[in-house]
Every structure is written in C-alpha cells, then in structure tokens.
Amino acid sequence: MSTPTDQMKDIVSLCKRRGFIFPASDIYGGINGFWDYGPLGTELKNNLRDRWWKDMVITPPIGPDGNPIEIVGVDSSIIQNPKSWEASGHVGGFNDPMVDCKASKKRYRADHVIVYSPKDGEGHAIAFDKDAEDAEIEKRLKKLTKKAPADFTTEKLDQLPADQFTNIIGPDVKEPGTLTEPRQFNMMFHTFVGATAGDENKAYLRPETCAGIFLNFKNVVDSSRVRVPFGIAQVGKAFRNEVTPRNFIFRSREFEQMELEWFCEEEDVPMWFDFWVDQRTKFWESLGIPKSSLHFLDVPKEELAHYSSRTIDVEYQFPFAAPGFDELEGIAHRGCFDLTQHQEFSGTKLEYFDQPNNKRFLPHVIEPSTGLTRGVLALLCEAYTVDESRPSGVYMNFHPSMAPKKAAILPLTAKEDHVPIAQKLYLELREQFNVDLDIKQNIGKRYARQDEIGTPYCFTIDNDTISDQTVTVRERNTMAQERIHLDKVASYLREKIYG
RNA sequence: GCGGGUGUAGUUCAAUGGUAGAACGGCAGCCUUCCAAGCUGCAUACGUGGGUUCGAUUCCCAUCACCCGCUCCA
C-alpha cells in the first residue's frame, strides 16, 4: 500500500531522475528551501506561466457585461525602495522578535508574552501568554510567589532588557532563566544596495510580487488608457525566509508567483469577487485539475491577513496534505489598503479620476494570487499515475497543453528507411511544438520513457509509412494506436493540444 | 528553532573495521516491423569535515541535506 508520503518520495525521485526538479546547489549538498528546475521542469513551469499570462493578459475573460475585460501586465523589480515595505506592513509584521524556552521547548512571540514583575523587587517575575485568563494568572502568581496581581507591574517581554530574563519564569515552566534572548525572525531577505553595507542602504527582496503592481498603479493608469475596472498582472520571483521550508517545492524560500490585482469600484466588489473565484476555478480545471481535488476555503475572519476583509483559498489535495488540502491560490479582497498605504507613505496621490462621472476615488482590489511553483507541484502530483500494467510502471498524465514535450517522433527501427522520414517530420513539427526525436533502442523502451515524462503522443514511422505515408499515433494514457497521414500530424497535434 | 529518523551509482536498495554489489536507468554496439525483449561492453556512489584506529563507507563527534512530528506560515 502506497502512502501519501511514499507517493511524494516517488514524485521527488522521478522529478530528479527525469530532469524536472533538482535540489539547488546539489553538488554542494543542497541548500535548505531552494530548488532548481531542470530541462523538463522549466518547460512545465513555462507552460503554466504562459497559459496564465495568456488567460489574463492576452485573452482575458469575458466580463459579466458580455465584453472582454481589460488586463495589462507589468514586470517590476525584485528590489524596491525599502519604504514600500514599511507601507505594505511587511517591515512591521515580518520582524517579530521571538524567544524560545529551553525547558518547555516552546517558542513565543516576545510581544505576546506578558511579564508580571513584583513591585517590591523581591522574588521572580512571572511570564504569561497574552491570552491567559485572569483567574489563571491570579492562581499561578499566588502559587509561585504568594502575591496578588495588584502587587505586580506588567510589561510585554519585548519591552524588557534581556539581562533580566534570568529572573523570569516562563509561561510553561516553574523555574526562572529558561527563556532565551529575543531573536529577530526576518521573514524578508535583506540585502544592501551599493558597495557598502549599512543600515542606510539596506533593502529587501520582495516577499510577494503584488507590491510592484501597486507601486506602478499610477504609471500604468497614466500610460495605458486603462479604465476602472481593469487589472494589472505580474509573474515573478518572491522570497521569504520561511522558518520551516517543507514538502518539496510547496514551501520554499525562493518561489514564483502569478498575481492579478483587479481594480474596481467598492460597490462592485461582491460581483467581481465571485467572478474571479469562478474564473480561477475554471482555469485549474482546464489544466486537468479536477474540481474533486480542489477545495474552497472561505478564510475565517480571525485568520484573515491584516489587509483583507474576505479571502477564499483555493486548496489542492497535495499528497502530503491528504486527506486534507493545502493552499494553491488565494483570492483576496484587499479593499483599498495598499493604495491608501502607498499614497500615504510615498506622498504621491494615487486616486483614480473617473472622467465621465467626474469623481476621484481609490479603487478597491480583488487579488487572485497563485503560486506558479505550487501550481507546478499540483500539476506534477495530479499527473503522477501508477500503472503496474505498463513497462514504466508509472506515467505522467499531464494535460497535453501542459506537457513539457507534446510528442515524440520515433522511427520504428534505426534502419536507414525510417530515420530520414522521422527527421523530416521532427524538423517540421518543432517549428510549432516542443517535440522529441528519439531513434535509439527498441520501441517499447522509448514509449516507456515518454510515458514517464508525460509526453501525450508518439508518432512512429514504419514500413507502411514508406508505402502509404501514414504513421502510427500512440496515445499515452490508453496506449491505443491509430494510423494517420503524415500530412495530418501537425493538425492532429494542434487539435489535441488546443482543441 | 526543538524532538525523532535517514544519508552507499541518476533512481531504488544490499554488504562490509581491510576502500563496495545488484536491479532499474544511462551510454555504445549487435539484433529488432510497435510497448523497458535477448546478447555484449562501458561509465557512475559510501553527503561534508573532524576524531578513534595500523586501517573508517562501517564506530564516535560536528555539520549539511532530506523525511516525520512540533513551532512557524505576515
């Protein structure tokens, strides 16, 4: 019986064996939280990225009014003026000092620990979690110090100097001195702009791509003739110093996002929100992710990010999450938080002027934001199909439009008669499709190899090809074969991939 | 960051205090008219760094990476 863990291991090793994904810096022993994309993984990732870009920017969906909606793209810098991250809330929210307790092995946010210090300076100070009940506090204080709450002053732990920590009894222990010094956990990678390193030229690698969209909102409006409602799309790398990178490329420290910021009027938010949830669902389904593998989580109010009043997470049933789901995409109503913040911090007016109605306002934003690299992982997991009955034992059931290789051209033998025809077909097809020409070894071995990298079609040239100009098409999932004319191969492929 | 586990070829595994084998995969060739056939040959590994030892892939320590459980995931 194959467990979800086994399945992830199998997927990871197939990815390495066939050149989808490698550990980054592999020959140096790797580096935690980073992965490299090999020849096939790069094709797969590009296919997903290009399809998203096409669906957003080149052929955006038809809106509720029957007309195509308007979306333009940008490609912003990974490093921006550091003030932009103060405005977005990342500098404040991403830098929480944490303390560890050596005895209880627990970790606390320093500002979430309340310390009761005795007013008379006698005895130990007692620490509590910020959510501790009054009765519980009173009881524990009495037990440990025989004093009442009124005999103490209270402060947050991050307000106290670290040299006093030796006198503090941690929230989950009975002896003092088990709390470590507060440590900064910088979720944002930082770097320095220019040759000298110092606080005055400190900068950050973006922890999300969307900020670059908001920073360019005015430039796009001024230069592109877009009118609300409209969207700005961006694909790019983002970086987060995750505490625990886990689950292959699911949570890595360098990853890639595909984000759309949809700017609309506040009163239209509910309509557009539903519109985008629907559109994004259709997107994943069209790539071969069945609705049954997806789950839609209306994020509870208390778990919403600081900027959002409503978020729906589109979750996928990753093997490591089974029987649960984990986040693939988030569709968030960000209100006008970002434009408001950037307007305030930058001092630049970002209001949109609606000329026909002669009004100025900050548009509200719906943000469908998905991890490109998480999407790749979902495609890999979904495609991975065990089939003991075939030589490879497994095949990758990629949707033809996502498959790294669309077809393989295989001369049945390496004899002189078959190879030239195969080469000619290959040279024709590669102008339109990413295809392989594979001449060596027996045909079964070559089919098996293509199965394992998820190539949906193989065209085989045999003696009949010489006499009647037909080739065998071998379909990956069914292994069924049919003959079609050489002239029809390109249109056949086009129909299967895009039709 | 904590606790537990693992680390031998590209992959999956084996053996061993006296420097390593297999299967599959890869490459080259023979043979092949449709699913890893058969035959021949070739290449490739003890994560890294210390220590113990005459000698370490094996024992010990550290480190790194991966997996599981916590923690974290704005």
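Numbers restart at 1 for each chain; the letters A, B, ... are given by sequence-line order, proteins then strands.
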B/A74 C1' sits how many Å from A/F255 CZ, rounded?
-> 12 Å

May I ask you to verify if any side-chain N or O of A/Q441 is less than 4.0 angstrom from the OP1 or OP2 atom of B/U32?
-> no

With P as the reference atom in both, quote the distance from B/G21 to B/C27 in angstrom, rounded to an integer.
-> 25 Å

Which of B/G10, B/C66, B/C70 is nearest the side chain of A/R246? It is B/C70

Quick note, A/T244 side chain, CB onward, closest among B/C27, B/C72, B/C35 is B/C72

Watson-Crick or G-U wobble mate for B/C13, both contacts under 3.5 Å | B/G21

Atom-pair distance (CZ on A/R446; P on B/C34), nearest Å | 12 Å

Looking only at atom C1', what distance separates B/A74 and B/G4, rounded to whole Å?
-> 30 Å

Using Watson-Crick geometry (N1-N3 plus N6-O4 or O6-N4) or G-U wobble (N1-O2, O6-N3), each under 3.5 Å, B/A56 is paired with none

Could you work out which one of B/G1, B/C34, B/G10 sits closest to the side chain of A/Y447?
-> B/C34

Can a cation-pi geometry be assigned to A/R374 and A/F250, taking NZ or CZ under 6.0 Å from the six-membered ring centre and within 45° of the ring axis?
-> yes

Side chain of A/N442 - closest among B/C34, B/U11, B/U32 = B/U32

Rounded to the nearest Å, what distance is computed from the CZ atom of residue A/R449 to the C1' atom of nucleotide B/G26?
-> 9 Å

Now, which nucleotide makes the Watson-Crick or G-U wobble pair with B/A62, with each of the two distances under 3.5 Å?
-> B/U48

Establish, yes or no, whether a centroid distance under 6.0 Å links the rings of A/F22 and A/W35.
-> no

Does the A/S308 side chain pair with the main chain of A/A332, one donor and one acceptor, at a distance under 3.5 Å?
-> no

Does a side-chain N or O from A/K16 land closer than 4.0 Å to OP1 or OP2 of B/U11, or not?
-> yes

Which whole number of Å gives the distance between the C1' atom of B/U44 and that of B/A62?
-> 29 Å

Cation over ring, A/R334 on A/F337, under 6.0 Å and within 45°?
-> no

With the side chain defined as heavy atoms from C-beta on, A/T5 is closest, among B/G10, B/C66, B/C67, to B/C67

Spacing between A/D438 atom CG and B/C27 atom P, to the nearest angstrom | 8 Å

Are any non-hydrogen side-chain atoms of A/R310 and A/F273 less than 4.5 angstrom apart?
-> yes

Among the candidates B/A36, B/C35, B/C66, find the nucleotide nearest to the side-chain atoms of A/S392.
-> B/A36

Measure the acute angle between the ring planes of A/Y116 and A/F128, then classify it against the limits of 30° and 60° as parallel, tilted or perpendicular.
-> perpendicular

Taken to the nearest whole Å, CZ/A/F250 to P/B/C66 is 16 Å

Select base, sugar-phosphate, or nothing to describe what A/G38 touches, counting heavy atoms under 4.0 Å on all strands.
-> nothing

Closest listed nucleotide, where the reference is the side chain of A/H90 and the choices are B/A74, B/C68, B/C34 = B/A74

Among B/A65, B/C68, B/C35, find the nucleotide with the atom closest to the side chain of A/M479.
-> B/C35

Could you tell me the separation between the CD atom of A/E242 and the P atom of B/U71, rounded to a whole number of Å?
-> 16 Å

Using atom CD of A/Q450 as one end and atom P of B/C35 as the other, report the distance to the nearest whole Å.
-> 16 Å

RNA chain B: A/W35 or A/D451, which has the more 5' nearest nucleotide?
-> A/D451

For B/C39, the nucleotide meeting Watson-Crick or G-U wobble distances (both under 3.5 Å) is B/G29

What interatomic distance, in whole Å, is found between P of B/G51 and the corresponding atom of B/G69?
-> 38 Å

From B/A28, B/U71, B/C35, pick the nucleotide closest to the side chain of A/K440?
-> B/A28

For B/C70, what is the paired nucleotide under Watson-Crick or G-U wobble rules, both distances under 3.5 Å?
-> B/G1

Determine the interatomic distance between P on B/A20 and the same-named atom on B/U57; round to the nearest Å.
-> 11 Å

Taking it one step at a time, do A/I213 and A/F263 satisfy side chain to side chain contact (heavy atoms under 4.5 Å, CB included)?
-> CA-CA 11 Å; A/I213 293 178; A/F263 299 94; 4.2 Å; yes

Taking atom C1' in both B/U53 and B/C64, compute the distance separating them and give it to the nearest angstrom.
-> 26 Å

How far, in whole Å, is B/A36 from B/C46 if one measures between their C1' atoms?
-> 29 Å

Quick one: is the NZ or CZ of A/R474 closer than 6.0 Å to the six-membered ring centre of A/Y447, and within 45° of its axis?
-> yes

What nucleotide, of B/C67, B/U11, B/G25, holds the atom closest to the side chain of A/K9?
-> B/C67

If we take the P atom in both B/A45 and B/U8, what is their distance in whole Å?
-> 13 Å

Check the distance between B/A9's C1' and A/R17's CZ and give it to me in whole angstrom.
-> 14 Å

Starting at the 5' end of RNA chain B and moving along, which residue's nearest nucleotide shows up first, A/A414 or A/L14?
-> A/L14

